[in-house]
Amino acid sequence: MSAIDLLVTSGNGPVECRMALSALLGIIEREALGLGCAFEASLGPMPDRHGAKSAIVSLDGLEAERVANGYCGSIRFTFKSPVRPGHKRQNWYVAVQRVEPGPEGGGVTIDPADLRFETLRAGGPGGQHQNTTDSAVRILHRPTGLVVTARDERSQHRNKALALRRLEAMLHQIEAEKEEAAKSGRFVANRTIERGNEVKAFKL
């Protein structure tokens, strides 16, 4: 069974949206693990103490499809800003969309010299995800600081290929945002955050 990858983004929203994104990652992780799914989150470039602007979430397991479908769309978080106490706005939005990684070698060109590979034990939430060999692969993309991990497959070679496809998907998203920003001055990901038509809402 192939893992399902989701792009979670705060677009070009303020710091509170990054805080909402961090909270959402925790919510999805708890739900996924509670249903026996494997969960992996790869944060976008340059996260700060409030979190990252984007992340790729990878879900694997029998209930992964149901979890993913439940979050695709806009997510509203309602909370008073802890960094701007007098700020009137209390609703903050995060968008979730499926990422369909293209074939190996397609889309984005990655210089192998920019990559650092690490292997690690492919542990997970029980069952077939437990693995005592160093088959999981973590890739650091030095120019962006992106770190992507794949532990879904038993084969180190397959995990390496999967991690590269996830990295390509995230780099492709970054490039798409840059191109759209150059055209219109707005991030394409931010426009996908449809306020007032959210699929889920949380109060913190």
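In what follows, residues are counted from 1 in the order of the sequence shown.
- Residues I110 and L115 have side chains in contact (heavy-atom distance under 4.5 Å, counting atoms from C-beta outward).
- Partners of S42 by side chain to side chain donor-acceptor pair (under 3.5 Å), not counting sequence neighbours: none found.
- Between V148 and L164, every side-chain heavy-atom pair lies at or beyond the 4.5 Å cut-off.
- Between V57 and D5, every side-chain heavy-atom pair lies at or beyond the 4.5 Å cut-off.
- The side chain to side chain contact (heavy atoms under 4.5 Å, CB included) test applied to S22 returns no partner, not counting sequence neighbours.
- Nearest heavy atom pair, residue L33 against residue C37, reads CD2-O, 3.3 Å.
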Exercise for review: Take L6 and C72, measure what side chain to side chain contact (heavy atoms under 4.5 Å, CB included) needs, and give me the verdict at the end.
Suggested key: CA-CA 8 Å; L6 301 173; C72 285; 3.9 Å; yes
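- Applying the salt bridge (charged side-chain N to carboxylate O under 4.0 Å, His left out) test to every pair with at least one member in residues 155-164, sequence neighbours left out, gives these pairs: E153-R158.
- No side-chain heavy atom of W92 sits under 4.5 Å from any side-chain heavy atom of T78.
- Legend: residues meeting side chain to side chain contact (heavy atoms under 4.5 Å, CB included) with A150, ordered by chain and number and at least two apart, are D152, N159, L162, A163, R166.
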Exercise for review: Start with the C-alpha distance between L120 and V137, add both sets of side-chain angles, then the distance that settles side chain to side chain contact (heavy atoms under 4.5 Å, CB included), and finish with yes or no.
Suggested key: CA-CA 6 Å; L120 53 152; V137 174; 6.0 Å; no
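- Here the side chains of D60 and I4 are not in contact, with every heavy-atom distance at 4.5 Å or above.
- Here the closest heavy-atom approach between residue V94 and residue T9 is recorded as CG1-O, 3.3 Å.
- With sequence neighbours excluded, the residues forming a side chain to side chain donor-acceptor pair (under 3.5 Å) with R66 are E63, listed by chain and number.
- The list of salt bridge (charged side-chain N to carboxylate O under 4.0 Å, His left out) pairs with a residue in residues 73-82, not counting sequence neighbours, reads R76-E198.
- Residues passing the ring-ring contact (aromatic ring centres under 6.0 Å, His included) test with F117: none are found, sequence neighbours excluded.
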Exercise for review: For side chain to side chain contact (heavy atoms under 4.5 Å, CB included), just list the numbers for L43 and L25, CA-CA rounded to whole Å, side-chain angles, deciding distance to a tenth of an Å, and then say yes or no.
Suggested key: CA-CA 10 Å; L43 299 181; L25 293 181; 3.8 Å; yes
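- Here the side chains of I75 and Y93 are not in contact, with every heavy-atom distance at 4.5 Å or above.
- Among residues two or more places apart in sequence or in another chain, the side chain to side chain donor-acceptor pair (under 3.5 Å) test is passed with Q90 by none.
- You'll find the side chain of H141 reaches within 4.5 Å of the side chain of L171, heavy atoms only.
- Within the model, atoms CG of N91 and CZ of F77 stand 11.5 Å from one another, a figure rounded to the nearest 0.5 Å.
- A cation-pi contact, defined as under 6.0 Å to the ring centre and within 45° of the axis, is absent between K203 and F79.
- The minimum heavy-atom distance linking S54 with L7 is given by the pair CB-CD1, 4.4 Å.
- Counting only residues at least two apart or in different chains, salt bridge (charged side-chain N to carboxylate O under 4.0 Å, His left out) contacts with residues 8-22 comprise E16-R84, R18-D48.
- Among the candidates R98, K200, Q97, the single residue satisfying the side chain to side chain contact (heavy atoms under 4.5 Å, CB included) test with Y71 is K200.
- Side-chain contact between P82 and M19 is present, with at least one heavy-atom pair separated by less than 4.5 Å.
- Residues satisfying the side chain to side chain contact (heavy atoms under 4.5 Å, CB included) test with L140, not counting sequence neighbours, are R116, R142, V147.
- Residue pairs meeting the salt bridge (charged side-chain N to carboxylate O under 4.0 Å, His left out) criterion with at least one partner in residues 29-39, sequence neighbours excluded, are absent.
- Closest of all the heavy-atom pairs between L21 and V8 is CD1-O, 3.6 Å.
- At least one donor-acceptor pair under 3.5 Å links the side chain of S10 to the backbone N or O of K53.
- By the side chain to side chain donor-acceptor pair (under 3.5 Å) test, N69 pairs with no residue at all, sequence neighbours left out.
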